[in-house]
Amino acid sequence: NSAIPVITIDGPTASGKGTVAQKVAQHLGFHYLDSGALYRLTALSALRRNTPLDDEHALAKVAEHLHCHFDGMHIFLSNEDVSDAIRAEVVGNTASQIATLMPVRQALYGLQLGFRKAPGLVADGRDMGTVIFPHAALKVFLTASVDARAQRRYKQLIDKGFSANMKDLSMDLKMRDERDTHRSSAPLKAADGAHHLDTSEMTAEQAVQQVLSWYAAVKTN
Ligand code: CDP
Ligand code: CDP
């Protein structure tokens with residue numbers, strides 16, 4: 001299936017990857033892979049089974065045997081809708097912890113490749129362009145300042161009725177950035193040939209238009 005086009009969108013937390021990737025996929029009629037959700041599903045499953053978080057082989061088994069499916073906006077684990085459950089703070093933190101383990105990453109490798117289906121795929125995460133789809137037609141590295149990202153998370157949380165404060169959010173973002181950038185397995189970094197896009201001063205729609213115009217350019221080449 002190497003003829004099926006892939007667009008990768010990698011970047012730090014709250015840079016807008018998910019929002020932009022989903023909209024680009026909608027515009028093009030492509031499939032969408034939220035790779036972070038797979039790490040979150042593995043984390044949720046491990047937490048529920050009380051899998052020791054220091055046992056990388058047991059965690060890899062959990063990842064290998066994930067019974068999950070994606071249906072538009074909803075994510076299911078063994079037929080239970082866990083779309084909200086995987087967004088919990090504890091699940092995000094556990095996901096970021098187990099994502100540092102190579103056996104877990106390897107266990108999720110094949111599952112991610114399976115999302116590449118006609119007519120095309122938009123995949124977002126940390127290592128989509130560097131490790132999972134190194135031959136993608138278009139690679140994008142999305143960034144935004146810590147302030148802009150903290151403000152976006154703040155708004156998302158307040159809109160959902162949660163309480164939040166900017167100081168804690170900024171600290172949490174910096175900690176995640178540190179862990180994602182400095183881990184030895186598949187660290188967050190721009191892929192060779194990636195187009196960089198700083199969205200600090202952009203709306204999500206402007207970012208979508210930029211990605212679509214880059215894609216139109218590679219398609220005609
Ligand atoms: O919401 P946030 O950006 O923090 O996380 P996410 O994209 O839902 O991913 C959850 C965790 O999985 C992140 O903390 C990453 O460390 C990890 N992850 C990864 O290692 N590789 C990916 N391709 C996607 C996510
Ligand atoms: O997936 P990631 O963690 O990178 O970010 P997200 O979950 O897509 O959250 C980004 C939030 O910022 C969403 O509420 C977007 O509407 C908003 N936003 C954006 O994505 N891009 C901009 N250029 C401006 C705002």
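Only this structure's heavy atoms are used, side chains among them; waters, hydrogens and symmetry mates stay out. Every number for a ligand or one of its atoms is a count from 1 in the order of the listing. If you read the sequence from its start, that first residue is 1, and numbering goes on from there.
At a cut-off of 3.5 Å, with distance as the only test, a side-chain donor of R179 or S96 sits close to an acceptor on the other residue.
Residue R153 places a heavy atom under 4.0 Å from ligand 1. The closest approach between R179 and ligand 1 stays at or above 4.0 Å for every heavy atom of the residue.
The R183 neighbourhood of ligand 1 comprises atoms 16 (O), 19 (C), 20 (O), 21 (N), with distances under 4.0 Å to a heavy atom of that residue. Annotation for ligand 2: atoms under 4.0 Å from non-hydrogen atoms of T199 are 23 (N). Residue S15 approaches ligand 2 through these ligand atoms, each under 4.0 Å from one of its heavy atoms: 4 (O). When each atom of ligand 2 is checked for a heavy atom of T203 under 4.0 Å away, the hits are 22 (C), 23 (N). Close approach of ligand 2 to G18 is summarised as follows: ligand atoms under 4.0 Å from at least one heavy atom of the residue are 1 (O), 2 (P), 8 (O). The atoms of ligand 2 that sit less than 4.0 Å from any heavy atom of P12 are 4 (O). Taking every heavy atom of M128 and a limit of under 4.0 angstrom, the matching atoms of ligand 1 come to 23 (N).
Applying the salt bridge (Lys or Arg N to Asp or Glu O under 4.0 Å) definition to pairs two or more places apart or across chains, none involves residues 184-201.
By the 4.5 Å side-chain criterion applied to Ile, Leu, Val, Met, Phe, Trp and Tyr, V140 is assigned to a cluster that also includes I7, I9, V20, V24, L28, F30, V122, L138, L142, L197, M202, V208, V211, L212, W214, Y215, V218.
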